[in-house]
Novice: 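Take this structure, written in structure tokens, and hold onto it; I'll ask about it next.
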Amino acid sequence: MTPFSTYDFKDRKAIVRVDFNVPLSKETFKITDDKRMQAALPTINKIISDGGSVILLSHLGRPKNGPENAFSLKHLCEHLSIISGAKVFFSPDCIGSQTEQAAKNLKGGEILLVENVRFYKEETKGDISFAQKLAKLGDCFVNDAFGTAHRAHSSTTQIAASFDNKDKMCGLLMDAEIESAKKVMEQTKRPFTAIVGGAKVSDKVLIVENLMKKADHIIIGGGMAYTFKKALGGNIGNSLCEDERIETCKTILENAAKKGVQIHLPIDSVIADTFSATAQTSIVNSADINEGWMGLDIGPKASKEFTAVIKASKTILWNGPMGVFEMGPFESGTKAIADAVANATQSGAYSLIGGGDSAAAAKKFGVVDRISHVSTGGGALLEYFEGKVLPGIAAIYQ
Ligand code: AMP
């Protein structure tokens with residue numbers, strides 16, 4: 001594997017797997033958030049400025065049965081040419097002789113965006129011969145799609161086998177994501193605090209168990225905190241609860257105690273009588289919630305305690321909101337955590353925020369610029385922190 005930054009792309013045709021899975025408006029197919037396209041620009045620009053040409057592979061949405069207009073990458077062409085400043089061609093297929101010819105015709109500095117790789121069912125099956133057909137489009141391969149690095153699909157994983165080690169590499173976005181995740185898990189400055197929130201315990205069990213090997217403190221908020229509270233014998237009223245996970249929560253708490261990892265659960269909560277922004281609310285002890293009421297945010301005492309832990313930390317990982325931050329009455333806890341993480345970062349801590357909802361919260365509360373790294377990867381980042389190997393990255397290093 002050659003480092004991307006030292007590879008000379010002059011007169012090379014670089015196949016770049018990007019994650020252009022952007023949201024499109026249903027009526028006009030206009031891009032409503034181009035964050036993922038912007039994130040791939042540094043990689044595309046480096047290849048172009050070296051004098052190479054770029055063949056872009058991506059998926060868009062989850063097409064079920066072959067080509068579907070709603071999932072066509074042709075809707076992205078115009079915007080791509082605006083933001084890259086390059087001449088962009090579109091191929092209505094991603095493999096085959098016509099696509100190969102279009103790739104061959106590219107001159108240095110030009111881009112060919114090929115149609116959605118998921119229009120072929122072979123893609124998600126990780127079909128090798130489909131990967132080999134994709135590989136014919138260029139003479140080197142760059143994987144810059146961190147968001148799909150946890151998928152062993154043809155265009156993210158199997159394709160790499162068609163290239164010599166010196167001609168396959170991770171792009172700049174992928175490198176930045178890996179470096180950031182390693183700073184948290186491998187070059188950890190202590191104390192290391194992991195903040196885990198969101199709706200369900202079941203989604204986060206593996207991550208909490210794996211983080212226990214590394215973290216000094218684990219803060220648990222959001223809906224998932226109430227299953228832990230119930231496991232400790234608390235009354236949680238109508239708060240979110242996964243009864244089948246109560247034993248898991250007890251085991252996590254026992255293991256944390258044995259390992260000396262401090263688990264912080266919210267001592268108080270903002271409760272509501274309905275799941276609504278206009279509900280009646282009150283602040284109570286989180287283990288003392290009456291029937292008919294549900295905890296929808298951490299309370300002020302919990303915010304204060306969590307803020308103090310975060311302030312004293314040198315490495316911070318945040319995945320999952322502390323409450324239903326989308327509704328005004330239940331946003332305070334998540335906002336307090338966002339501010340605390342940003343302030344700790346300004347005082348020298350390394351912070352990584354990942355997972356769609358926490359990234360959305362960081363944006364809502366205006367702290368993105370004061371965080372060390374906000375990841376583009378939801379599932380991929382979670383799997384990394386669960387301790388799993390990401391096949392898209394492993395394929396480059398094989
Ligand atoms: P996740 O995708 O698991 O990270 O969950 C994110 C969602 O959890 C957000 O949409 C929040 O509104 C929701 N959430 C956070 N706290 C609570 C809570 N206490 N009760 C219900 N939903 C919650």
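In this chain, numbering begins with 1 at the start of the sequence shown. Start at 1 and go down the list; that is how both ligands and their atoms are numbered.
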Novice: Would you mind listing the cluster partners of W318? Hydrophobic ones only (ILVMFWY), side-chain contacts under 4.5 Å, chaining allowed.
Specialist: I195, I219, I298, F306, V309, I310, I316, M322, I337, V341, I353, V367, V368, I371, V374

Novice: Minimum distance, heavy atoms only, to atom 2 (O) of ligand 1: which one of V324, V201, D357 is it?
Specialist: D357

Novice: Tell me the closest heavy-atom pair linking P63 and R118, and the distance in Å.
Specialist: CG-O, 3.6 Å

Novice: So, E291 side chain and N238 main chain: donor-acceptor pair closer than 3.5 Å or not?
Specialist: no

Novice: Could you tell me whether E326 approaches ligand 1 through its side chain, its backbone, both or neither, with non-hydrogen atoms closer than 4.0 Å?
Specialist: side chain

Novice: Atoms of ligand 1 less than 4.0 Å from L296 heavy atoms?
Specialist: 19 (N), 20 (N)

Novice: Is the Y226 to F228 ring centre distance short of 6.0 Å?
Specialist: no

Novice: To which protein heavy atom is atom 5 (O) of ligand 1 closest, and what is the distance rounded to 0.1 Å?
Specialist: A199 N, 3.1 Å

Novice: Do the side-chain N and O atoms of S154 and Y120 include a donor-acceptor pair separated by under 3.5 angstrom?
Specialist: no

Novice: For ligand 1, is K204 a contact, meaning one of its heavy atoms is under 4.0 Å away?
Specialist: yes

Novice: Show the atoms of ligand 1 that are less than 4.0 angstrom away from any heavy atom in G198.
Specialist: 1 (P), 3 (O), 4 (O), 5 (O), 6 (C), 8 (O)

Novice: Taking 4.0 angstrom as the limit and counting only heavy atoms of G295, give me the atoms of ligand 1 inside it, by number and element.
Specialist: 18 (C), 19 (N), 20 (N)

Novice: Please state which part of L240 comes within less than 4.0 Å of ligand 1, counting heavy atoms only: side chain, backbone, both or neither.
Specialist: side chain

Novice: Strictly below 4.0 Å, N to O, side chains only: are D50 and K46 in salt-bridge contact?
Specialist: yes

Novice: Taking 4.0 angstrom as the limit and counting only heavy atoms of G223, give me the atoms of ligand 1 inside it, by number and element.
Specialist: 15 (C), 16 (N), 17 (C), 18 (C), 19 (N), 20 (N)

Novice: For ligand 1, which atoms sit closer than 4.0 Å to a heavy atom of G222?
Specialist: 16 (N), 19 (N)

Novice: Could you walk me through whether D19 and R36 pass salt bridge (Lys or Arg N to Asp or Glu O under 4.0 Å), step by step?
Specialist: CA-CA 6 Å; D19 180 359; R36 289 184 169 151; 3.8 Å; yes

